[in-house]
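Okay, so here's the structure we're looking at.
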Amino acid sequence: MALNPDFVGRSYPPGAPYLVGREKVREFSEALGVTESVSLDVDAAQSRGYTDVVAPPTFAVRLVMAAAESVALDPDLGLDYSRVVHGDQRFEYSRPIVAGDELLSHVTIDGIRSVAGNDMITTRTDISTTDGEHVVTSYTVLVARGTDSETA
Amino acid sequence: MTGVDVGYEIPSRDFRITRETLIRYAGASGDFNVIHWNERIAHEVGLSDVIAHGMLTMGMAIQVVTDWCEDPSALVDYGCRFTRPVVVPDDGVGATLHVSGTVTAVEDNIATVSLKAMCADVSVLGKAIARVRVG
């Protein structure tokens, strides 16, 4: 099923703020095998001028995926979420995410196209603090694999 | 970090990925997609076995850059394409991800690092590029 092209440019309101927890940053860092002390040790982070532990560069995916899901599950868009895989991911940073940040995710549909029977949707998620300071922008391409009959 | 030249190879690193790695990452990231922990479902959707989260691979790969530049604020941008899955068998060994990176450009104190993420001699990330402030 082709996606509704009218959705390009559509924005979704941010949900409740995401409060970045110190232990969540540590848990995420350990799961990735991070050895940088600024991500694991509060004293090390503070001695480098950060208020608390620093999240690894891909930590924003927690917020991005929640935001992308609100798009993907929009029934009017026509995306079959069970066929969706992550195609591309890019982050543009203003600064690293730090424990204690309260973050809002503004998601916009940047593009919709169909390639070889696969639907591709690009979402842009602008992540900023509740005070309006930009932290990171994510560009995510989700690919909905077409069924065999559609690709034939 | 001043005077970085094009062609410089940043220190590489190996990451071991087992089923335990996937379970830990699922919990830490909130991505509980069953193809990352359930063999039965993985087979049903045509995969040879459970596969790693693309974002786990992406999150591991960037560490060669953050380890090298030692300053989390230095990262300007980072992107990649998920080209091939990292298959993680339940055989007590798992998979090994070998990550290396080469400086391909230096302009206005920003170095472009092209990353290679290899699993069993197969490249699993495409166009994996990070840009970091240097000097």
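In this text the structure is predicted, and so the values were computed from the model without any measurement. To find a chain, count down the sequence lines: A is the first, B the second, and so on, and within it residues start at 1.
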Check your understanding: Just wondering, more than 12 heavy atoms not from Glu44(B) lying within 6.0 Å of its CD?
Key -> yes
Review point. Given the side-chain rings of Tyr93(A) and Tyr78(B), with only the six-membered ring counted for Trp, is the space between their centroids under 6.0 Å?
Key: no
Point to revise | Arg62(A) side chain to Ala28(B) backbone, donor-acceptor under 3.5 Å | key: yes
**Study point:** Test item: Tyr25(B) and Glu30(A) side chains (from C-beta on) under 4.5 Å apart, heavy atoms
**Key:** no
Point to revise | chain A contact via Arg131(B) - side chain, backbone, both or neither, heavy atoms under 4.5 Å | key: neither
Review point. Can Phe59(A) be reached from Val135(A) by stepping across I, L, V, M, F, W or Y side chains whose heavy atoms are under 4.5 Å apart?
Key: yes
Exercise for review: Find out if a path of hydrophobic residues (ILVMFWY) with successive side-chain heavy-atom gaps under 4.5 Å connects Tyr50(A) to Leu40(A).
Suggested key: no
Revision key, fill the gap. Rounded to the nearest 0.5 angstrom, the CG-CG distance for Leu125(B) and Asp88(A) is 11.0 Å
Practice item. Determine the option with the most heavy-atom pairs under 4.5 angstrom with chain A, choosing from Gly126(B), Ala26(B), Cys80(B), Gly54(B). Key: Cys80(B)
Review point. Any chain of hydrophobic side-chain contacts (each under 4.5 Å) joining Val65(B) to Tyr8(B)?
Key: yes
Review point. So do Glu92(A) and Val76(B) actually touch side chain to side chain, heavy atoms under 4.5 Å?
Key: no
Exercise for review: With a 4.5 angstrom heavy-atom cut-off, could you sort out which part of Asp31(B) is near chain A: side chain, backbone, both or neither?
Suggested key: neither
Practice item. Under 4.5 Å heavy-atom distance to chain B, tell me which part of Val34(A) shows up: side chain, backbone, both or neither. Key: both
Exercise for review: Give the member of Arg16(B), His53(B), Met55(B) that has the highest number of heavy-atom pairs under 4.5 Å with chain A.
Suggested key: Met55(B)
Check your understanding: Hey, what do you get for CE (Met65(A)) to OG (Ser29(B)), rounding to the nearest 0.5 Å?
Key -> 9.5 Å
Exercise for review: Please look at Tyr139(A) and chain B and tell me whether the side chain, the backbone, both or neither of the residue comes under 4.5 angstrom of a heavy atom of that chain.
Suggested key: neither
Revision key, fill the gap. For His86(A) and Phe82(B), the nearest pair of non-hydrogen atoms, with its separation, is O-CD1, 3.4 Å
Exercise for review: To the nearest 0.5 angstrom, please state how far the CD1 atom of Ile62(B) sits from the OG1 atom of Thr58(A).
Suggested key: 8.5 Å
Point to revise | Top contributor to chain A contacts, counting heavy-atom pairs under 4.5 Å, from Ile35(B), Ile129(B), Asp67(B) | key: Asp67(B)
Study note, to complete from the structure: When every non-hydrogen atom of Ala31(A) is compared with those of Leu56(B), the smallest separation belongs to O-CD1, 4.1 Å
Check your understanding: In Å and rounded to the nearest 0.5 Å, what is the CZ to CD distance from Arg81(B) to Gln89(A)?
Key -> 13.0 Å
**Study point:** Within one Ile-Leu-Val-Met-Phe-Trp-Tyr cluster: Val86(B) and Met118(B), side-chain cutoff 4.5 Å
**Key:** no
**Study point:** Gap between atom NZ of Lys127(B) and atom CZ of Arg90(A) - 0.5 Å precision
**Key:** 11.5 Å
Check your understanding: Would you say Lys24(A) has more than 12 foreign heavy atoms packed within less than 6.0 Å of its NZ?
Key -> yes
Check your understanding: Are any non-hydrogen side-chain atoms of Pro72(B) and Arg48(A) less than 4.5 angstrom apart?
Key -> yes
**Study point:** Region of Thr35(A) that comes under 4.5 Å of a non-hydrogen atom in chain B
**Key:** both
Review point. What heavy-atom pair brings Leu32(A) and Gln63(B) nearest, and what distance separates the two atoms?
Key: O-NE2, 2.8 Å
Review point. Would Val115(A) and Val143(A) show up in the same hydrophobic cluster when neighbours are defined by side-chain heavy atoms closer than 4.5 Å?
Key: yes
